[in-house]
2 protein chains.
Amino acid sequence: MSNDEHIYRQILKAIVEHQLPPGARLPEDRLSEAFGVSRTGIRKVLQRLALEHFVVIEKNKGAQVNRPSEAEASEVLDSRILIEPQLIPALLAHWDAAQSKRFRAMAQEEKQAEAANMLADSIQLTARFHYELATLSGNKVLASFIEQLCYRSSLILAAYGTHGSVGCECGDHAQLLDLLDQKNASKAQNWMSHHLKHIKSSLILESKPEENIDFQRLFGR
Amino acid sequence: MSNDEHIYRQILKAIVEHQLPPGARLPEDRLSEAFGVSRTGIRKVLQRLALEHFVVIEKNKGAQVNRPSEAEASEVLDSRILIEPQLIPALLAHWDAAQSKRFRAMAQEEKQAEAANMLADSIQLTARFHYELATLSGNKVLASFIEQLCYRSSLILAAYGTHGSVGCECGDHAQLLDLLDQKNASKAQNWMSHHLKHIKSSLILESKPEENIDFQRLFGR
DNA sequence: ATAAAATATATCGTATACAATTTCTTGAGA
DNA sequence: TCTCAAGAAATTGTATACGATATATTTTAT
């Protein structure tokens, strides 16, 4: 993996896992020290993160973690509600015992992470469950869009989620897997739609305080 | 508009309008001369174009206009087929006489451009018709994704389209506007779905020759 | 003591420099 | 004449420099 990609993933991970909360500033030289590269490389990944809406860059003011607006949060979830259920038929075409097993293991892991209150893992696994499902539809263009929306959803949860709502409390992902095993497309679609709507409705609207972040400890070597 | 944005749009325009064909190389210093900025600014927009799949950057080999694979072409169109018809209901909620008038003017312009064989204008207007429609749905997240897919479709047409297939020969966009005026959601959805499938099926699979490009003439001042 | 102005510090935007890599050109040998 | 190696030119990757802008601090006047 290229070095840029490595830095990109680390920062994205920190944002998605709520270690860098919405509004946190990301000064270039502080990051370049932490990662041991020049500002050039840092700017590159910050610009990418900005295009993907994980950070916001204001001219001459630098980057900070995006604080999604209420409208943005709503639109991201609506987009998923529109697309993800529609992927079920294509996905079912590739559904077999091996996939079922793979996803059940993921759901299991997810459940454990949630039970153990491992917030970061729980967030990652929840997002991964959804976008790996999207990937199985076979359409890489849509899958990568869904991947981005899943990560944005994690950021949205950081801004608007209750602590309990990180996992999908409206019932287990395993329920969906049962429906997929039965090859019941319409029920699976309904389940997915309901699931996402439930997540959306669980969002609340309040801002959160900030803190000082030790980049050296987060990323340094 | 920022300078970067200006450069970005010019290059994107040139790609989308088939002035920079798939496979065309985009050397940084040639572009920086043409636009009168340093390579720094050029690299920034090339990286953005790469993230959006309009160019491909290979390590130590620079950027060239993306030559979409058959799979990519298919997936982009499939994505539009999945999403665009689904936007019709939300779109209809905002549909009124003013919008109808606006879109009819666009459709008219489009028709004229096609009749006059003004390829570049025709391509731009066709894409714009679709993504402005998407914008009217009210979901900016989806609309900007559709916008990107429309531009990618233009690039795909450059690679796989017949000359005649640039415009939407399966009938006028005005037909859709009639259905929207009637507030007939399901018929409008069907029309859109059929329209996009027709475009997809009109693609043919053959590569095209290259030429030498005079960046100074294209972009210079 | 407070508010406004002035200075200092931090941070970003852009250009440039130089090393690393690729691509092109040239020439020697078969 | 063709092939391939060696050198030259072109091109990219990354770091650094420096001016411009924003933010924080100090100073000064009321």
Side-chain angles (χ1 to χ4, degrees), chain A residues 1-11 14-15 20 23-52 54-67 210-216 218-221, chain B residues 1-11 14-15 20 23-67 209-216 218-221:
Chain A
M1 177 166 49
S2 83
N3 197 29
D4 291 333
E5 187 72 15
H6 174 248
I7 296 172
Y8 165 78
R9 291 199 195 178
Q10 282 225 54
I11 297 180
I15 293 174
L20 289 171
R25 302 193 62 206
L26 304 169
E28 296 172 1
D29 49 1
R30 216 81 58 75
L31 289 169
S32 65
E33 281 172 38
F35 285 107
V37 298
S38 79
R39 278 175 54 217
T40 309
I42 297 297
R43 285 179 70 80
K44 184 172 162 184
V45 329
L46 287 179
Q47 271 149 17
R48 173 172 178 187
L49 289 166
L51 286 174
E52 294 170 345
F54 295 110
V55 310
V56 172
I57 296 178
E58 252 182 311
K59 173 135 182 158
N60 282 318
K61 290 192 181 177
Q64 57 181 229
V65 177
N66 184 23
R67 197 194 299 279
E210 310 193 20
E211 331 158 22
N212 268 346
I213 293 128
D214 184 350
F215 291 106
Q216 202 57 247
L218 242 183
F219 300 122
R221 50 322 188 20
Chain B
M1 176 165 48
S2 83
N3 198 28
D4 291 333
E5 188 72 16
H6 173 249
I7 296 172
Y8 165 78
R9 291 198 194 179
Q10 283 226 56
I11 298 180
I15 293 173
L20 289 171
R25 301 192 64 203
L26 304 168
E28 295 173 1
D29 49 0
R30 216 81 58 75
L31 288 169
S32 66
E33 279 172 39
F35 284 107
V37 297
S38 79
R39 278 175 53 215
T40 309
I42 297 297
R43 285 179 71 80
K44 184 173 161 183
V45 330
L46 287 179
Q47 270 148 17
R48 173 170 177 187
L49 289 166
L51 286 174
E52 294 168 344
H53 302 98
F54 295 110
V55 311
V56 172
I57 296 177
E58 251 182 313
K59 172 133 182 159
N60 282 319
K61 291 192 181 177
Q64 57 180 231
V65 177
N66 184 22
R67 196 194 299 279
E210 310 193 19
E211 333 158 23
N212 268 347
I213 293 128
D214 183 350
F215 291 106
Q216 200 58 247
L218 243 183
F219 300 125
R221 53 321 183 25

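Chain naming here is simple, since letters A, B, ... match the order of the sequence lines and numbering starts at 1 in each.
Residues Ile15(B) and Asn66(B) have side chains not in contact (no heavy-atom distance under 4.5 Å, counting atoms from C-beta outward). Counting heavy atoms from C-beta on, the side chains of Arg48(B) and Gln47(A) never come closer than 4.5 Å.
Arg30(A) contributes atom CZ, which lies 12.5 Å from atom CD1 of Ile42(A) (distance to the nearest 0.5 angstrom). Rounding to the nearest 0.5 Å places CZ of Phe219(B) at 5.0 Å from CD1 of Ile11(B). Atoms CD and CD, on Gln64(B) and Glu58(B) in that order, are 7.0 Å from each other to the nearest 0.5 Å. Taking OG1 of Thr40(A) as the reference point, atom CD of Glu28(A) lies at 9.5 Å (rounded to 0.5 Å). Taken to the nearest 0.5 Å, the NZ atom of Lys44(B) stands 9.5 Å off from the CD1 atom of Ile7(B).
Atom P of nucleotide dG13(C) and atom CD of Glu28(A) are separated by 6 Å, given to the nearest angstrom. Rounded to whole Å, the distance from CD on Glu33(A) to P on dA10(C) is 12 Å. With rounding to whole Å, Arg43(B) atom CZ is found 17 Å from dG13(C) atom P. The distance from atom CD of Glu5(B) to atom C1' of dG13(C) is 16 Å, rounded to the nearest whole Å. Distance, Asn3(B) CG to dG13(C) P: 14 Å, rounded to whole Å. Spacing between atom CG of Asp29(B) and atom C1' of dA15(C) amounts to 14 Å, rounded to whole angstrom units. Between the CZ atom of Arg25(A) and the C1' atom of dT11(C) there is a distance of 8 Å, rounded to whole Å.
When all heavy atoms of Ser32(A) and Arg39(A) are compared, the closest pair comes out as CB-N, 3.9 Å. For the pair Ile57(B) and Leu46(B), the tightest heavy-atom approach, listed with the atom from each and the gap, is CD1-O, 3.8 Å.
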Base-contact (B) and sugar-phosphate-only (S) positions in nucleotides 16-22 of chain C, heavy-atom cut-off under 4.0 Å, - elsewhere: BB---SS

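For Gly41(A) and Ala63(B), each mapped to the nucleotide of DNA chain D holding its nearest heavy atom, the one lying further toward the 5' end belongs to Ala63(B).
In summary, contact between chain B and DNA chain D, defined as any nucleotide atom under 4.0 Å from a heavy atom of the protein, begins and ends at dT11(D) to dT14(D) in the 5' to 3' direction.
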